[in-house]
Amino acid sequence: MKPFVHEVRSTRIVFGSGTISQVRAEVERVGGNRVLLLASKRLDDVARRVGDSLGPSLAARFDGAVMHTPVEVTERALEVLRSNSADCVVAIGGGSTTGLSKALAARTNVPQVIVPTTYSGSEVTAVLGETQDGRKTTRAAPEIRPETVVYDVDLTLGLPVALSVTSGVNALAHAVEALYSPQAEPVTDAIALDAITRISRGLRALSANPSDVDTRADLLTGAWLAGTCLGSVGMSLHHKLCHTLGGSFGLPHAETHTVVLPHAMAYNAPAAPEVMERIARAMGVPEAPAGVYDLIVEAGGPTSLRSLDFPLEDVPLAVELATSRSYPNPREVTSEGVAGLLANAWHGKRPA
Ligand code: NAD
């Protein structure tokens, strides 16, 4: 028997097709009167549609969110929020835009309505990662967790396949690490396994018809469920490594998750054999780490750190940074072990 604690944390979820038409009602629901709209230029069309629907409630727009939430960008957005007396944030975009929204909420307690367009899952966590002076730090607080998430499958139909694959594997990583988290419990286990089934099914079907609504609904539902795991239990070695590679070496978030995940799983497999069996069953493959690697190859995702332009000579520094503090992990984290893991990931070797 394994004792556990389960706590329900609430974010209101609106899921469907065409749901961006409900953003205004959701803003009213959280008491917003003057909205700061966050959306990158790339998502201008959607931002305009949402902006128009908000009418006079739209106070200002900011399009400068970038990956890993640099504090300088947050300060610029904060100035826009304050000078326009905004009392609510609507963020349309991936994890970077959501991150900026959370950084604003952390500083002002402003309510947030998030409209995700990738599978990062950040929208359902109370965690904020920020970068300052080349170091990424994370913190968690109740005010960081968005009040409402509006998932509109239509916004993901045109998400480029390459981005969909890496973002989908990023989501998969949340579910995988939730299963061997020290806080794992029956509810997050069930959610994680369903997320793994949906995401692997979605990624296999994606290239044949990237705008298939059912495939996209599988991926977006899986991303929400996996994000819920991320927001509920602690993550381990895989996330720490990706955090180091992203925050200290500037590697792209979702691509890094995609390359590292099969290797982090292979590292942990001897210490968590039952979890690996459950993952393999949920995916319908014989072995979980190799199954994830093959899924990435089949979907056309990146498999090596070399392909992300990570210099081999930086591996020792990455090992040092990733092992400088201890954290829970099924298998003991050693410098030698992590060096071997990163070497395999650099070469893109298929786990045995
Ligand atoms: P992202 O938000 O940077 O998006 C990647 C790219 O995709 C961007 O160029 C963006 O403009 C583009 N894009 C987004 N949606 C699109 C669409 N529908 N169509 C076309 N292009 C689109 O990347 P991401 O992987 O979603 O998020 C990464 C960031 O999120 C990182 O900073 C990471 O640390 C953070 N994150 C945080 C948490 C958390 O819980 N705190 C969880 C996951 C990720």
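Order of appearance sets the numbers: ligands from 1, and atoms from 1 within every ligand.
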Atoms in ligand 1 with a heavy atom of Thr125 nearer than 4.0 Å: 39 (C), 40 (O), 41 (N)

Gly121 touching ligand 1 at heavy-atom level, < 4.0 angstrom: no

Parallel, tilted or perpendicular: ring planes of Phe310 versus Phe249, cut at 30 and 60 degrees: perpendicular

Any donor-acceptor N/O pair, Ser181 side chain to Met235 backbone, under 3.5 Å: no

Taking atom 34 (O) of ligand 1 as the reference point, the nearest protein heavy atom with its distance: Lys136 NZ, 2.6 Å

Protein contact of atom 24 (P) of ligand 1 - nearest heavy atom, named by residue and atom, plus distance: Gly95 N, 3.5 Å

Lys NZ or Arg CZ of Arg331 over Tyr267 ring: under 6.0 Å, within 45°: yes

4.5 Å side-chain heavy-atom contact, Leu43 and Thr97: no

Residue selection (non-hydrogen contact nearest atom 23 (O) of ligand 1) among Met67, Glu123, Lys41, Arg145: Met67

Ion pair Arg49/Asp45, N-O distance below 4.0 Å: no

Test log, rule salt bridge (Lys or Arg N to Asp or Glu O under 4.0 Å), inputs Arg107 and Glu130: CA-CA 13 Å; Arg107 288 160 175 80; Glu130 297 186 286; 2.8 Å; yes

Mutual orientation of the aromatic rings belonging to Tyr293 and His263 [parallel < 30°, tilted 30-60°, perpendicular > 60°]: perpendicular

Heavy-atom side-chain proximity of Gln112 to Thr11 below 4.5 angstrom: no

Leu230: numbered ligand 1 atoms lying under 4.0 Å from its heavy atoms: 40 (O), 42 (C)

Atoms of ligand 1, numbered as shown, that sit under 4.0 Å from any heavy atom of Leu159: 15 (N), 16 (C), 17 (C), 18 (N), 19 (N), 22 (C)

Any N or O of Thr117 closer than 3.5 Å to N or O of ligand 1: yes

Selection from Ser122, Pro160, Pro252, Ala126 by shortest heavy-atom distance to atom 39 (C) of ligand 1: Ser122

Heavy-atom nearest neighbour in the protein, as seen from atom 7 (O) of ligand 1, with distance rounded to 0.1 Å: Leu163 CD2, 3.1 Å

Within-cut-off N or O pair, Ser96 and ligand 1, under 3.5 Å: yes

From Arg42, His68, His253, His243 - option closest to atom 12 (C) of ligand 1 by heavy atom: Arg42

Numbered atoms and elements of ligand 1 in range of Lys102, under 4.0 angstrom, heavy atoms: 39 (C), 40 (O), 41 (N)

Derivation of the side-chain contact (heavy atoms from CB on, under 4.5 Å) call for Ile279 and Leu179: CA-CA 9 Å; Ile279 295 170; Leu179 287 165; 3.6 Å; yes

Any donor-acceptor pair under 3.5 Å from Asp152 side chain to Ser17 backbone: no

Subset of ligand 1 atoms that lie under 4.0 Å from at least one heavy atom of Thr118: 14 (C), 15 (N), 26 (O)

Atoms of ligand 1 close to Leu155 [distance to a heavy atom under 4.0 angstrom, numbered from 1]: 18 (N)

Salt bridge present between Arg76 and Glu72 (N-O < 4.0 angstrom): no

Parallel, tilted or perpendicular: rings of Tyr151 and Phe15 (30°, 60°): tilted

Ligand 1 contact by Val127, heavy-atom criterion under 4.0 angstrom: yes

Contacting atoms of ligand 1, where contact means under 4.0 angstrom from a heavy atom of Gly94: 2 (O), 26 (O)

Enumerated ligand 1 atoms positioned under 4.0 Å from heavy atoms of Ser40: 11 (O)

N or O contact, Ser120 vs ligand 1, cut-off under 3.5 Å: no

